[in-house]
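Residue numbering restarts at 1 for every chain, and letters A, B, ... go by the order of the sequence lines.
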Protein chains: 2
Amino acid sequence: MSSKKRTTIHDIAKKLDITASTVSRALKDHPRISDATKELVIKTAKEMNYQPNSIAAALRRGTSNLIGVIIPNIDRNFFASVVRGVEDVLNDTNYNVIICQSNDSLEKEKSNIKALLEAQVDGIFASYAKETTDFSHFEDIVNRGIPLILFDRMQDVFNVDAVVIDDYLGAYKATEHLIEQGCERIVHFAGPENVSIYRDRRRGYEEAMKRSHLSVDEDLIIHSDLKLESGKRLAEEILEWNELPDAIFSASDYAAMGAMEVFKKHDIEIPQDIAVVGFSNESFTSLIDPGLTSVDQHSKKMGQFTANLFLDRLKDKSKDHTPTKTVLNPELIIRGSSLKKVEQPQDQKIEPEHINT
Amino acid sequence: MSSKKRTTIHDIAKKLDITASTVSRALKDHPRISDATKELVIKTAKEMNYQPNSIAAALRRGTSNLIGVIIPNIDRNFFASVVRGVEDVLNDTNYNVIICQSNDSLEKEKSNIKALLEAQVDGIFASYAKETTDFSHFEDIVNRGIPLILFDRMQDVFNVDAVVIDDYLGAYKATEHLIEQGCERIVHFAGPENVSIYRDRRRGYEEAMKRSHLSVDEDLIIHSDLKLESGKRLAEEILEWNELPDAIFSASDYAAMGAMEVFKKHDIEIPQDIAVVGFSNESFTSLIDPGLTSVDQHSKKMGQFTANLFLDRLKDKSKDHTPTKTVLNPELIIRGSSLKKVEQPQDQKIEPEHINT
DNA sequence: GTGAAAGCGCTAACAA
DNA sequence: TTGTTAGCGCTTTCAC
């Protein structure tokens, strides 16, 4: 009783003694079908509990209205939020979103792409796996004529549409803010030098220091894996110094938080004694006390821009598009951990710059 | 040049001067095709850069190999983790997963179901929206003969396969643990009484108290929305009491964390003066200092069980199955916030009980 | 071991 | 305004 045969447009047509094409058109609100027929068809469809078969339509039209999104990890706040942004935009269209996780594995990423391609997706948005250095599987997508847009992570070697964030600028803003608060001896918790985002963040820090005529002291730049535990360890080390720094700009919220915990335990006041700024605006930054000032990467906006870029691409499909790199402007979210002076309004600008490459 | 026509099995057939059916069979490793032909076909397919069209296959077979998962929110750790569990299991099959978000909205939930049904999914796993009280749109799924499994949230009024967690038991374990640590005046931060999970957690708390011959003092049960701010507010109130409690069992990690912050600020030692236990094992519980003891809901396991239940259902499709309720055993994750005595090994049992309803 | 042929449910020229 | 017809790419029964 549960799985009786599904109703098709032919069933409706037979019942109404018209043809399937008329039913199809009526359901699609085709302009050249009489209102009477439309009404009748729609009514009967409802009565017969008709459910369109989008697979059949997709096969016929050659377009699935499916968009594949490949992310390293669904349970990382940042990516979840990007997906939200994508869906925000695509919900108003008739595209549906399929999400795949690569778990930062190259193999999984390849099989994800294979599955999406087989599902005849109309576009793929991806943030590639950490393992990925060869992009031939991504090139396959482009070669098949399917729009591909990379977000968050990108490589200059592989020229394709991309939406990324300006890590350099984020770090610059963070450091500048600390300087405005009166800090001069600012420690930077830096990440591995072989990862481009960490190099960029370090550059941003250094540049902000220089612009304010503060010396860049190599001793104040400490490299680590930026995990919570490292933050704790580094804070312990700093406490041994002859002269304490007056601020820390960490390239990761986790390391920043670890350091804050150690400082608090040693009764060092934050931000009075040492101000702290992190990076990524992880959700816990607003939960802890004091709140951790951090650089927001506009994850949701990133998703929205990615989806919109895709929709734009569709319009000038004919034209042979040059890949566009959209760089989002990060936003400094100021919280208690860095606010030595009077409160100040938040910077709310998030306009992206478009750079043709 | 980019979007040339895709190769089909007919193209391969023509090139090899055989028929499409042979190609299809060779690609599917059909037993009655000679090894020579198979090899040849596979080789040529690769050469011609053939990509199967799973949509066409789906239409023909009447099964899409797509599973739809509906969750309230992708950026809630718990749900993201459930999805991971689902994928863990389904990755080894030829099912692919489509994720939809309802944003806890009934309307969105309905449209998600519509989209999934149109995509001809072979099954739907869902955690319904908070707004949902009428389940007719879910009944539609069942009536169409498509397997539906609810997870996390469920209603006894709607009899369908479900995988849930035992909130009562989780609360019981948490309270029992506090009692074992020597606590007697245990405050319970309770949630809204109209939500079943909060009622269950309260019952677990009360039962554990009674079993240990401790009185259940209504004054120690405080209701709120369980947000971080409420936790702070309640902690401030508690500090005004004549006699401080020796522990708090909060039905939410957020409220627990808020309280911890206030206590720490007032130099109340955790866990020595007041022990704290939360619920949900949110990711921040292991980040803060001391770590917050919490009840883990086995989100990943929940996803795995859901997927496995689906696979089981497929086997006895003929048989008219009675809905099964799978209740997962929550696990208490013990951290610094409640550990007054010597360290003890963690309870690792996570075996579910199967209860036929 | 392979071929022929039909058809999944829908759409879209082309006709009328 | 509606009907006719063909076919998207694949699978599968029935032949041989």
The contact string for nucleotides 9-15 of chain C, one letter per nucleotide 5' to 3', using protein heavy atoms under 4.0 Å with B, S and - for base, sugar-phosphate only and none, comes out as BBBBB--
Would you please confirm or rule out a distance under 4.0 Å between OP1 or OP2 of D:dG3 and any side-chain N or O of A:T19? yes
Is it the case that the side chains of A:Q51 and A:T7 hold a donor-acceptor pair, with the cut-off being a distance below 3.5 Å and no angle test? no
So A:F305 and A:F151, ring pair (Phe, Tyr, Trp, His ring centres under 6.0 Å) or not? Walk me through it. CA-CA 9 Å; A:F305 273 99; A:F151 59 84; over 10 Å; no
Gap separating the OG1 atom of B:T22 from the CG atom of B:L16, nearest 0.5 angstrom: 10.0 Å
For D:dT2, does either OP1 or OP2 sit under 4.0 Å from a side-chain N or O belonging to A:S34? yes
Looking at A:K114 and A:E118, is any side-chain nitrogen of the basic one under 4.0 Å from a carboxylate oxygen of the acidic one? yes
I need the CG-C1' distance between B:D11 and D:dC8, as an integer number of Å. 13 Å
Carboxylate-amine/guanidinium proximity below 4.0 Å for A:R153 and A:D104: yes
How many whole angstroms separate atom CG of B:L16 from atom P of C:dG3? 10 Å
Whole-Å distance separating the NZ atom of B:K14 from the C1' atom of D:dC10: 16 Å
Atom-to-atom span, CG of A:D29 to P of D:dT1 - whole angstrom: 13 Å
Strictly by ring pair (Phe, Tyr, Trp, His ring centres under 6.0 Å), give each pair with a member in residues 51-105 of chain A just once, sequence neighbours left out. A:Y95-A:F310
